Amino acid sequence: MQWKHMCKPHAFTVHYVQRMKKHRWRCKAVTFWCSDEVLCCHWLQALNDLLEQQTWRPKHLLVYINPYGGKKKGKQIYENKVAPLFSLASISTEVIVTEYANHARDNLYEVNLEKYDGIVCVGGDGMFSEVLHGLIGRVQKDADVDQNNPKVPLSRCNMRIGIIPAGSTDCVCFATVGINDPVTSALHIILGDCQPLDVSSVHHKNMFLKYSVSLLGYGFYGDVLKGSEKNRWLGPARYDFSGFKTFLSHRYYEGTVCFQPAKWAVGSPRDKVCCTFGCYICRQSSKQLEEQQRVKTNGLESNEKENWTVVKGKFMAINAANMSCACPRSPRGLSPAAHLADGTADLILVRKCSRLDFLRHLIRHTTSNNDQFDFPFVDVHRIKSFQFTPKHFDEEDTESTDLGIIGKKNFAQICTDHPSCGCNQLNSVWNCDGETLEQTALEMRVHCQLIKLFARGIEESQKQEDDTNPSRV
Ligand SMILES: CCCCCCCCCCCCC/C=C/[C@@H](O)[C@H](COP(=O)(O)O)NC(=O)CCCCCCCCCCCCCCC
Ligand SMILES: Nc1ncnc2c1ncn2[C@@H]1O[C@H](COP(=O)(O)OP(=O)(O)O)[C@@H](O)[C@H]1O
Ligand SMILES: [Ca+2]
């Protein structure tokens, strides 16, 4: 709210949020005029008192900008679209434009977090991942939690993160806000929205590798990412180019997947209902998970061996989606019914199939009412953890096999398995929220609601949600 002193009559301006089409929000203003100065002051006082009571709204923010993300417009987007809104809302900021990869992550280990009510990340999913690792790592360090222990319960992060989309895919923003629009994201931050988010930890034996909030994918999405890296100069189009090439190469990879189903979970990956604002399934599932954990720690349940399901095979893709992974390329995402905060991930196994079938499966990601899981070569499971071991995995010789390059000894074997492609690529790489992982054998575990975002999930479409009859927040 802003007040302008005008000689006569007296006036003040209220800025508010208006909902537009397709989850877009805009800041609008209305000016109230009054000839009675005392009455005007009373109104101002009352409105300011109401604003003061909204303690969940941030007042001090720490902002990291990746100037090289997406179309390299991060700094411009922040300065032109976001900073003016923050100053209108009387939010003070400390802005750091990153100078090198991992600058934001390293900085978060040093900075005095108590000075801030939240962190803002201007960039893509890779930049968000950096901030995520900095914040979670910092909180574990302060709480003396060993991140290398895959079984240890992690300490929750209360500091919220806001994402201003300025990257290539921006799927974390799209899947939590409903649109990649810097102004909309800035308004969610200003209003102090809060959306808890599941985070998966990824380990190789007893070594911590990475956290993932969106996609942990092997095979197709790993190869797309790897192939895109040398074409970073193409900007966001590098993924389409690499996607096309990866599709043509039509590789499959052998290995064993073991997973633990999330038995407590209320929903299933084939549900028609999606995760929305105030999601009932997230609330119910996380409550049941907490109850299950309470029973376990109280020793009321015998230490029964937890069920593991084992699937061995030849896979085009193995995708663990912590959230829908909706993005402009795929508006419903890799797993449309996945939830943001239910403590589970959806494990999608796409087995070896023909090129045409794989194309049909991919195309279904782009349309709104087709089920991409409705194929005999696709299985999907709601899980709490999984492990993957590639077939060509030599414990003694991890490094050379992890590079995926076969030695002479194995060559005959790959030629019979893989006659057509003529490549010597045995293993794929993992795509972990847009970063490639060195190791191919790994385990993943979901940590329910480990972090919080300045977002509120996807609001269900309302009839009045159009430009002619907008609704106000
Ligand atoms: C035929 C068209 C098929 C389109 C299928 C689209 C599926 C898209 C699913 C997207 C999942 C996104 C998960 C998020 C990953 C991000 O973390 C991560 C990093 O983002 P950042 O750069 O912002 O930091 N992004 C990515 O890994 C990019 C994944 C993009 C995949 C695009 C695949 C395009 C496939 C095109 C196939 C074309 C076949 C044509 C045959 C004639
Ligand atoms: N100043 C910088 N110089 C080089 N790389 C950076 C810098 N700041 C961040 N990065 C890295 O750039 C990568 C991609 O950033 P991101 O914002 O996700 O863009 P995109 O969506 O185009 O991939 C991330 O891995 C991040 O760590
Ligand atoms: Ca989830």
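Just so it is clear, the model here is predicted, and its values are computed rather than measured.
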Can you tell me how far the [atom1] atom of [X] sits from the [atom2] atom of [Y], to the nearest 0.5 Å?
X	Y	atom1	atom2	result
Ile363	Ser330	CD1	OG	12.5 Å
Tyr211	Leu132	OH	CG	8.5 Å
Ser168	Lys71	OG	NZ	9.0 Å
His133	Asp433	NE2	CG	7.5 Å
Phe388	Phe315	CZ	CZ	7.0 Å
His15	Leu85	NE2	CG	9.5 Å

Specify the closest pair of heavy atoms between [X] and [Y], including all atoms of both residues, with the distance to one decimal.
X	Y	value
Asp125	Thr169	OD2-CB, 3.6 Å
Ala186	Ile164	N-CD1, 3.9 Å
Leu347	Val257	CD2-CG1, 3.8 Å
Leu61	Tyr116	C-CD2, 3.7 Å
Met323	Ala175	SD-CB, 3.7 Å
Arg355	Leu248	NH2-O, 2.5 Å

Main chain of [Y], side chain of [X]: is a donor-acceptor contact present, judged purely on distance under 3.5 Å?
X	Y	result
His10	Val38	no
Asp342	Thr344	yes
Thr176	Gly457	no
Ser428	Gly219	yes
Asp346	Ala321	no
Arg332	Asn370	yes
Arg138	Leu108	yes
Ser92	His60	no
Arg57	Gly192	no
Ser285	Ile281	yes

Applying side-chain contact (heavy atoms from CB on, under 4.5 Å), run through Val120 and Thr93 and close with a yes or a no.
CA-CA 10 Å; Val120 173; Thr93 53; over 6 Å; no

Taking the side chain as everything from C-beta on, heavy atoms only, tell me whether [X] gets closer than 4.5 Å to [Y].
X	Y	result
Arg238	Phe241	no
Leu113	Leu135	yes
Thr98	Pro67	yes
Phe86	Leu88	no
Gln140	Phe208	no
Arg456	Leu191	yes
Leu334	His365	yes
Leu362	Phe220	yes

Just wondering, are more than 12 heavy atoms of other shown residues or ligands nearer than 6.0 Å to [atom1] in [X]?
X	atom1	value
Asp144	CG	no
Tyr68	OH	no
Phe244	CZ	no
Glu114	CD	no
Glu52	CD	no

Hey, what's the ring geometry for Phe247 with Phe358, parallel, tilted or perpendicular (30° and 60° as the breaks)?
parallel

Mind telling me whether Phe375 and His361 have parallel, tilted or perpendicular rings, with 30° and 60° as the class edges?
perpendicular

Cation-pi check, Arg351 to Phe377: give yes when NZ or CZ is under 6.0 Å from the six-membered ring centre and within 45° of the ring axis, no otherwise.
no

Check step by step if side-chain contact (heavy atoms from CB on, under 4.5 Å) holds for Val273 and Tyr280.
CA-CA 11 Å; Val273 284; Tyr280 169 79; over 6 Å; no

Side chain to side chain donor-acceptor pair (under 3.5 Å) for Gln53 and Asp49? Distances and angles first, verdict last.
CA-CA 6 Å; Gln53 285 168 26; Asp49 288 350; over 6 Å; no

Any chance you could lay out the side-chain contact (heavy atoms from CB on, under 4.5 Å) test for Val152 and Asp146, step after step, and finish with the verdict?
CA-CA 7 Å; Val152 80; Asp146 176 13; 5.6 Å; no

Assess whether side-chain contact (heavy atoms from CB on, under 4.5 Å) is satisfied between Lys210 and Leu216, documenting all intermediate values.
CA-CA 10 Å; Lys210 278 265 174 199; Leu216 180 64; over 6 Å; no

We want to know whether Asn319 and Tyr221 form a side-chain donor-acceptor pair, criterion being a heavy-atom distance below 3.5 angstrom.
no

From the list His23, Lys81, Arg24, side chain to side chain donor-acceptor pair (under 3.5 Å) partner of Asp181 resolves to Arg24

Check this for me: does any side-chain nitrogen of one of Asp223 and Lys226 sit under 4.0 Å from a carboxylate oxygen of the other?
no

